[in-house]
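When reading the values below, keep in mind they use all heavy atoms of this one structure, side chains included, and skip hydrogens, waters and symmetry mates. Per chain, numbering begins at 1; letters A, B, ... match sequence-line order.
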There are 2 protein chains.
Amino acid sequence: MAGIKDVARAAGVSVSTVSYVLSNKRSISAETTRRVMDAIRELDYTPDASAQKMRGVRNSIIALSMPIRGDINLAKYNAYFLRTAWEAKNAGYDVLLLTGEDVVGDIQRATRSNLVDGVVLMDIEESDERAAKASTYAKPTVAVGYPLSHDGCACVDVDFVQVGRQAADYLYDRGHRSVILLRDNEHEYERRSGYVVLFRESVMDRAEELGMSVLEFSKTDLAHFDAVEFVHEMFSDGGMATAIISQAPASVLDHVLKELQVRGIRVPEDVSVLSCGTFLEGEFMTRPVTEIPVMPELLAHKAVSLLVDSIEGDRGIAGVVDLVSPVIQERGSVLDLAAAGSGGRVAMT
Amino acid sequence: MAGIKDVARAAGVSVSTVSYVLSNKRSISAETTRRVMDAIRELDYTPDASAQKMRGVRNSIIALSMPIRGDINLAKYNAYFLRTAWEAKNAGYDVLLLTGEDVVGDIQRATRSNLVDGVVLMDIEESDERAAKASTYAKPTVAVGYPLSHDGCACVDVDFVQVGRQAADYLYDRGHRSVILLRDNEHEYERRSGYVVLFRESVMDRAEELGMSVLEFSKTDLAHFDAVEFVHEMFSDGGMATAIISQAPASVLDHVLKELQVRGIRVPEDVSVLSCGTFLEGEFMTRPVTEIPVMPELLAHKAVSLLVDSIEGDRGIAGVVDLVSPVIQERGSVLDLAAAGSGGRVAMT
DNA sequence: TTGTATGCGTTATCAC
DNA sequence: GTGATAACGCATACAA
């Protein structure tokens, strides 16, 4: 490959002139500029990235750590991953993928060797080793998620406590006094209670404050979930519940919708459905479901912005936490009992 | 960050000694080695990647170009993408993601600036600009796919001509003389005829040689596909066909399976189904379908191996084409008419 | 407006 | 077995 010296020779100038033409850091005569640019084109010259970096020029590469687990939800995963990659590129950064086994080691290596300028941690669990060891990384780090230990990095996540409150309030305001909570599968509860558990507790607390009864149903392991049993249990138990708050994956929820349909139970006329902490967009659903979704685009944007700010402003972001307020996505699967009861026909929200 | 000089000072040796301790390129006394290693640990020293690269040490980074199109099939996509990332890491390489708009420019920049050691092109179309311009990249390049112009890069793909022949032969050998070809959607035909069209032509050619009749059905655009119409048309047209060769996405094929089920048409007793060029593993199917799949793992492995060989052996691979032979995946959806007709009960394959 | 010289952190050559 | 130092390609302070 042609180097800056070759360009200089071809253009009949010194190397510094070539460098300055490229960086615009001092004025160069039009004639010289032209000759240099011609030589650059002629030789297909591209500055060597390593040499530039050694002179303190930024890499513009961020590491994206995304462990490949067996049980990931691809749709949700991609929503985060693709969007983060997009945001990074949009901010002028390339993305170095870190998917290895030795996650922490890889990140340490990539940051300490100055390979990357910053790190984004994806698919965060409650006890996330990557986040816990963030202070050992040599570059600013942002976690998309809210792990327990996060001293060394910034965190960006949906405020799941608010999601819980909002879910309870939303149903209460529409006249619901008895609901069923279809929990995420137990595996998730064990692993990433970070948000799964926060949400549950928040729902329960708020419901108690409001005097709303909540029945929990938790046998939602994807492989063994039995929608028939769920619907049966739900309606046999006094049949009090007027709404389902679902925290389960789209496929599980859809099984429930199908079973309801089979049994002639209408949504939302006979039972309302509200999905929380999910990302139903793009999933196939028997019918649209009102949801308080996680926000991949927003979180990805915030994470990358925060990181880039830190990189370019040389500001530390360790310990920063940005919890974004949930936004309900109405899709007509929740009935307003108050309105419906007060005369007119069913009022969808 | 601590540099090699700091380590040298801390260990009371010269920088070259430190370097040699790390590289094992000359014998160092045990005592010196110990002192140096201690200092390295003490200072958390990691060599600077750029400085190393300037001295000719390889980066161990490969670029992975994967354009994010709106209509990608995520499951299939991920199978390729994740596997390629895995293979790369396994070969000791990090992966730099290139998802931008200006694909060719990005690859040129990344290769010419020595940012990466090689390039893998994913999701190749028939007329793929990235592949066509591969000779302008400064590093070896492998395309996973088989584009028309590929002078500058190596190509790795399934041999779709063989897939077509094999599909025809497979059904013919089992007594089928009249089949329906459920084509991939027209959009794919326009865009990536690279393999979609190759396959179709091969099926048609081979069928003609064998004297097997093939009826084409092509209204398979995901959004508008009408399984009811398809099944109706299929069985109203004289009802000759005993098998379906499907080139359609999993979701489309599954609609067909469901419709067949609804109409009481059994698979494979009443009609056989063979899916080609798909990747049904992991997709939800009403019933298992015998398939001649694309081979993400194998192709990813071949692509990365080829690339790494080229990088580490400094061998050129431009123009190399590796077309792998298809392997049929039997899942009992094709009936052996010959065996079934010759006495015994249905023989599944 | 342009050229010369230095140094970034490392590896490898040469000297001891 | 170990140390001093040139060179990698570039950006910039300093000269002119």
Side-chain angles (χ1 to χ4, degrees), chain A residues 1-40 43-61 109-117 138-139, chain B residues 1-40 43-61 109-117 138-139:
Chain A
M1 288 301 302
I4 197 170
K5 279 189 236 170
D6 303 301
V7 175
R9 201 178 320 118
V13 297
S14 72
V15 287
S16 61
T17 301
V18 176
S19 179
Y20 282 119
V21 165
L22 256 7
S23 67
N24 268 323
K25 290 200 175 171
R26 75 181 182 193
S27 49
I28 307 277
S29 75
E31 168 60 12
T32 304
T33 301
R34 197 188 50 71
R35 291 218 317 274
V36 169
M37 291 308 284
D38 283 351
I40 287 176
L43 299 174
D44 257 350
Y45 167 70
T46 305
D48 183 275
S50 310
Q52 290 194 138
K53 190 147 42 84
M54 287 204 41
R55 296 290 322 174
V57 175
R58 256 187 295 275
N59 252 337
S60 294
I61 302 183
R109 178 180 52 80
T111 53
R112 295 206 186 131
S113 70
N114 282 313
L115 228 188
V116 301
D117 299 322
K139 303 288 173 182
Chain B
M1 289 302 301
I4 198 171
K5 282 188 225 167
D6 303 302
V7 175
R9 199 178 320 117
V13 297
S14 72
V15 287
S16 56
T17 300
V18 176
S19 178
Y20 282 117
V21 165
L22 255 8
S23 66
N24 268 323
K25 290 198 176 170
R26 75 179 182 195
S27 49
I28 307 275
S29 75
E31 167 60 11
T32 304
T33 301
R34 198 189 50 71
R35 290 218 318 275
V36 169
M37 292 309 283
D38 283 352
I40 286 176
L43 299 174
D44 255 350
Y45 167 71
T46 305
D48 183 276
S50 310
Q52 286 188 302
K53 191 146 43 87
M54 285 204 38
R55 296 295 321 174
V57 175
R58 255 188 293 276
N59 254 337
S60 294
I61 302 183
R109 178 179 51 79
T111 53
R112 296 206 186 131
S113 70
N114 283 315
L115 227 188
V116 301
D117 298 321
K139 301 288 173 182

Going through the checks in order, is the side chain to side chain contact (heavy atoms under 4.5 Å, CB included) test met by B:Thr32 and B:Tyr20?
-> CA-CA 11 Å; B:Thr32 304; B:Tyr20 282 117; over 6 Å; no

A:Lys25 side chain near D:dT12 phosphate (N/O to OP1/OP2, under 4.0 Å) = yes

For atom CG of B:Leu22 and atom P of C:dT11, their distance in whole Å = 7 Å

In whole angstroms, the gap separating C1' of C:dT10 from CG of A:Asn114 amounts to 13 Å

Calculate, to the nearest 0.5 Å, the distance between atoms CG and CZ belonging to A:Asp48 and A:Arg55 respectively.
-> 13.5 Å

Residues from residues 47-54 of chain B sitting under 4.0 Å of DNA chain C, heavy atoms only?
-> B:Pro47, B:Asp48, B:Ala51, B:Gln52

Report the C-alpha distance between B:Val36 and B:Ile28 in whole Å, list the side-chain angles of each, state the deciding distance to 0.1 Å, and finish with yes or no for side chain to side chain contact (heavy atoms under 4.5 Å, CB included).
-> CA-CA 10 Å; B:Val36 169; B:Ile28 307 275; over 6 Å; no

In whole angstroms, the gap separating P of D:dC10 from CG of B:Leu115 amounts to 13 Å

How many angstroms lie between atom CG of B:Leu22 and atom CD of B:Gln52, to the nearest 0.5 angstrom?
-> 8.0 Å

Hey, is the side chain of A:Ser23 poking within less than 4.0 Å of OP1 or OP2 on D:dA11, counting only N and O atoms?
-> no

Contact string for nucleotides 2-7 of chain D, one letter per nucleotide 5' to 3', B = base within protein heavy-atom range under 4.0 Å, S = sugar-phosphate only, - = neither, reads BBBB-B

Mind listing the closest non-hydrogen atom pair of A:Ala39 and A:Ala10 along with its distance?
-> CB-CB, 4.0 Å

